[in-house]
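Below is one structure; the comments refer to it alone.
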Amino acid sequence: MSEIKKKEISGKVRDAGVVGAGGAGFPTHVKLSAQAEIVIVNAAECEPLLKTDQQLAARYPELLVKGLTLAMESTGAQKGIIALKAKYKDAIAALQPYIRNKDNLGISIMPDIYPAGDEVITIWLTTGRRVPPGGIPLNIGVVVNNVQTLINVAKAVDGTPVTTRTLTVTGAVKNPITVTLPIGTSIRDVLALAGGGSEDLSYINGGPMMGTLITDLSAPVTKTTGGLIALPNNHMLIQRKRMTVDNILRIAKTVCEQCSFCTELCPRHIIGHELSPHRLIRAVNYKNIGDPLLVTSALTCSECGVCEAYACPVGISPLRVNIALKAELRAKGIKYQGELGKEDPMAKHRLIPSARLMDRLRLRPWYKEAPLSLDIYEPDEVVLKLQQHIGAPAVPAVKVGDLVSVGQLIGEIPEGALGAKVHASLEGTVTQITPQAITIGKGGAAK
């Protein structure tokens with residue numbers, strides 16, 4: 001493939017503001033500018049209750065395969081793998097006609113375990129390759145994108161920027177649903193589309209394991225909003241996410257019995273990373289005394305939550321301790337310098353069956369169908385954050401009072417910086433611009 005064609009694909013993806021829709025929002029055009037051997041579609045969606053990726057793959061298989069093919073062309077990859085679970089039968093059936101008779105494309109069926117959707121585990125399960133600790137998939141010739149990201153890539157090459165987000169709204173809402181809506185729609189409005197819930201509910205942005213507690217329902221949906229889960233205030237997940245780091249450390253010092261279950265079930269540890277949560281708890285309890293390399297291994301934690309939500313028999317959260325350690329180490333500019341060790345011979349038997357995780361998290365009452373709606377909701381106002389991605393915030397390209405149309409560029413990447421463009425998701429008037437966001441109110445029309 002010519003260098004011109006590669007730059008054309010990544011350039012259109014850059015212009016469309018595509019970022020990783022399944023994670024922290026790494027600008028996708030940067031990934032597609034690299035060289036790789038394999039492109040993997042992460043369609044595992046292993047977080048309980050969420051349905052978005054499997055439903056999008058079933059509904060838009062042609063766009064997904066087109067996005068995968070474009071990513072392969074851009075990176076020079078010779079192989080494309082769509083990684084999903086056997087139970088996603090509708091998605092598999094929809095995809096098969098588009099990959100049939102194509103030797104360089106295939107479907108890889110992963111076990112129904114957690115965390116199959118973690119990109120390091122996805123790569124290991126589908127290719128046998130292991131990402132080194134502190135490394136990235138490109139270190140072993142792999143690029144990973146999720147379903148919605150690659151659908152956005154396909155649209156970007158056709159000239160359509162990212163202005164909408166599809167997400168599952170589920171849990172203790174009246175009508176669980178998967179909806180597509182303009183980026184910038186308030187979370188309160190999204191919850192209303194699912195019929196809302198009672199006053200004694202709390203909400204999680206993302207999945208029950210890795211999601212964060214929502215403290216402001218007026219906050220806007222972004223390109224990376226993973227899903228909205230409503231649970232009763234007294235649910236164990238809500239109570240755990242409300243615990244302060246000080247309380248967690250106090251509990252760890254009091255009751256940690258060094259059983260090492262957290263380490264034995266840690267997905268990073270079992271594939272050969274040094275990360276050992278029980279040893280990190282011990283180090284923190286004794287003011288980080290011990291091997292400095294061990295302490296810095298906290299930087300390799302994927303924050304999957306297995307240690308706190310499943311492994312620990314006494315309710316400690318090694319996850320939150322690791323997060324606190326990571327913040328402290330990064331503030332000091334410290335990086336992890338360890339190497340990849342041996343894979344645990346029992347590794348694949350230590351991964352957690354999804355059904356068992358659901359029971360442990362007491363989520364069975366909230367496991368409901370959340371059908372994909374084909375309607376696109378249009379709010380009266382959107383608040384578009386200028387930083388919905390890893391990198392520098394976008395720079396406003398409009399001013400208050402401007403009339404804008406859907407898809408119009410309103411936020412530009414700062415010169416020479418890593419970032420992503422932002423586009424209007426609503427036709428109307430720019431009513432406010434702050435260093436954090438641009439607000440557009442419905443009304444008026446762009447000239």
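Contact between V144 and E119 at its shortest, heavy atoms only, is CB-OE1, 3.8 Å. Listed here is the closest heavy atom pair of L68 and G80: CD1-CA, 4.2 Å. Annotation for R242 and N233: closest pair NH2-OD1, 3.7 Å, computed over non-hydrogen atoms. Between Q55 and L372, the closest heavy-atom pair is NE2-N, 3.7 Å. Annotation for P208 and I229: closest pair CD-CD1, 3.4 Å, computed over non-hydrogen atoms. A pairwise comparison of heavy atoms in K85 and I92 identifies O-CD1, 3.7 Å as the closest pair.
Separation of atoms OG1 (T166) and CG (L56) is listed at 5.0 Å; rounding is to 0.5 Å. A distance of 8.5 Å separates SG of C307 from CG of L275, quoted to the nearest 0.5 Å. To the nearest 0.5 angstrom, T296 atom OG1 is 8.0 Å from I334 atom CD1. Here OG of S276 is found 4.5 Å from NE2 of H269. Values are rounded to the nearest 0.5 Å. The distance from the CG atom of D200 to the NE2 atom of H235 is 13.0 Å, given to the nearest 0.5 Å. Distance CD1/I113 to SG/C46: 7.0 Å, rounded to 0.5 Å.
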Go through N247 and R250 one step at a time and tell me if the side-chain hydrogen bond (donor to acceptor under 3.5 Å, both in side chains) criterion holds. CA-CA 5 Å; N247 281 341; R250 194 156 40 244; 2.3 Å; yes
What verdict does the side-chain hydrogen bond (donor to acceptor under 3.5 Å, both in side chains) test give for E274 and Y336, after you've listed the backbone C-alpha separation in whole Å, the side-chain angles of each residue and the deciding distance to 0.1 Å? CA-CA 10 Å; E274 184 185 15; Y336 179 70; 2.7 Å; yes
Going through the distances and angles, do K442 and L426 end up as a side chain to side chain contact (heavy atoms under 4.5 Å, CB included)? CA-CA 7 Å; K442 193 174 182 180; L426 181 72; 4.1 Å; yes
Working for side chain to side chain contact (heavy atoms under 4.5 Å, CB included), residues I251 and M243: CA-CA 11 Å; I251 293 170; M243 289 183 68; 3.2 Å; yes
Walk me through whether T52 and T178 qualify under side-chain hydrogen bond (donor to acceptor under 3.5 Å, both in side chains). CA-CA 7 Å; T52 306; T178 299; 4.9 Å; no
Please step through side chain to side chain contact (heavy atoms under 4.5 Å, CB included) for the pair D53 and N42, ending with a clear verdict. CA-CA 9 Å; D53 285 347; N42 186 349; over 6 Å; no
Using the rule given for side chain to side chain contact (heavy atoms under 4.5 Å, CB included), can you reason through H273 versus L340, listing the C-alpha separation, both sets of side-chain angles and the distance that settles it, and then say yes or no? CA-CA 6 Å; H273 290 199; L340 187 63; 3.6 Å; yes
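Within a 6.0 Å radius of CZ in R59, no more than 12 heavy atoms belonging to other residues, nucleotides or ligands are found. Summarising the local packing, NZ of K155 is surrounded by 12 or fewer heavy atoms from other residues, nucleotides or ligands at distances under 6.0 Å. For NZ of K253, the number of neighbouring non-hydrogen atoms (other residues, nucleotides, ligands) closer than 6.0 Å is 12 at most. A 6.0 Å sphere centred on NZ of K385 holds no more than 12 heavy atoms belonging to other residues, nucleotides or ligands. Shown here is K368, whose NZ atom has more than 12 heavy atoms of other residues, nucleotides or ligands within 6.0 Å.
Taking E339 as the reference, nothing meets the side chain to side chain donor-acceptor pair (under 3.5 Å) condition, with sequence neighbours excluded. Among residues two or more places apart in sequence or in another chain, the salt bridge (charged side-chain N to carboxylate O under 4.0 Å, His left out) test is passed with K342 by none. Every residue two or more places apart in sequence or in another chain was checked for a side chain to side chain donor-acceptor pair (under 3.5 Å) with Q387, and none qualifies.
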Would you tabulate the side-chain donor-acceptor contacts of residues 410-425 under 3.5 Å, counting partners in other chains and residues two or more places apart, or write 'none'?
from : atom 1 : to   : atom 2 : distance (Å)
K421 : NZ     : D15  : OD1    : 3.1
H423 : NE2    : D15  : O      : 2.9
S425 : OG     : I183 : O      : 2.6

For residues 351-362, which side-chain N or O atoms pair as donor and acceptor with protein atoms under 3.5 Å away, sequence neighbours left out?
from : atom 1 : to   : atom 2 : distance (Å)
S354 : OG     : D112 : O      : 3.3
S354 : OG     : D112 : OD1    : 2.8
D359 : OD1    : R364 : NE     : 2.8
R360 : NH1    : Y310 : O      : 2.5

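Cation-pi geometry between K223 and F26 is not satisfied (NZ or CZ under 6.0 Å from the ring centre, within 45° of the ring normal).
A donor-acceptor pair under 3.5 Å is formed between the side chain of T168 and the backbone N or O of K51. Under the 3.5 Å distance criterion, the side-chain polar atoms of S74 are left unmatched by any main-chain donor or acceptor of A71. With hydrogens and angles ignored, the 3.5 Å screen pairs no side-chain donor or acceptor of R268 with any backbone N or O of S302. The closest donor-acceptor contact from the side chain of Y203 to the backbone of I187 lies at 3.5 Å or more, if one exists at all. Although no hydrogens or angles enter the test, the distance criterion places no donor-acceptor pair under 3.5 Å between the side chain of T215 and the main chain of L213. Although no hydrogens or angles enter the test, the distance criterion places a donor-acceptor pair under 3.5 Å between the side chain of R130 and the main chain of G341. Under the 3.5 Å distance criterion, the side-chain polar atoms of Y114 are left unmatched by any main-chain donor or acceptor of V306. A distance-only check finds no donor-acceptor pair linking the side chain of T149 to the backbone of G20 [under 3.5 Å].
For the pair L84 and Q54, the minimum side-chain heavy-atom distance is 4.5 Å or more. Proximity of V295 to L325: side-chain heavy atoms (C-beta onward) are separated by under 4.5 Å at one or more points. Between L193 and L181 the shortest side-chain heavy-atom distance falls below 4.5 Å. No side-chain heavy atom of L70 sits under 4.5 Å from any side-chain heavy atom of V13. Inter-residue side-chain proximity for Q388 and R165 is flagged as unmet; no heavy-atom pair is nearer than 4.5 Å. With contacts defined as side-chain heavy-atom distances shorter than 4.5 Å, the pair T122/M110 qualifies. Considering only heavy atoms from C-beta on, I204 comes within 4.5 Å of I238 through its side chain. K348 places a side-chain heavy atom less than 4.5 Å from the side chain of W124.
Each of V41, T126, L95, I81 was compared with I107 under the side-chain contact (heavy atoms from CB on, under 4.5 Å) criterion, and only L95 meets it.
Within the structure, salt bridge (charged side-chain N to carboxylate O under 4.0 Å, His left out) pairs that include any residue of residues 294-304 comprise E303-K326 (at least two apart or interchain).
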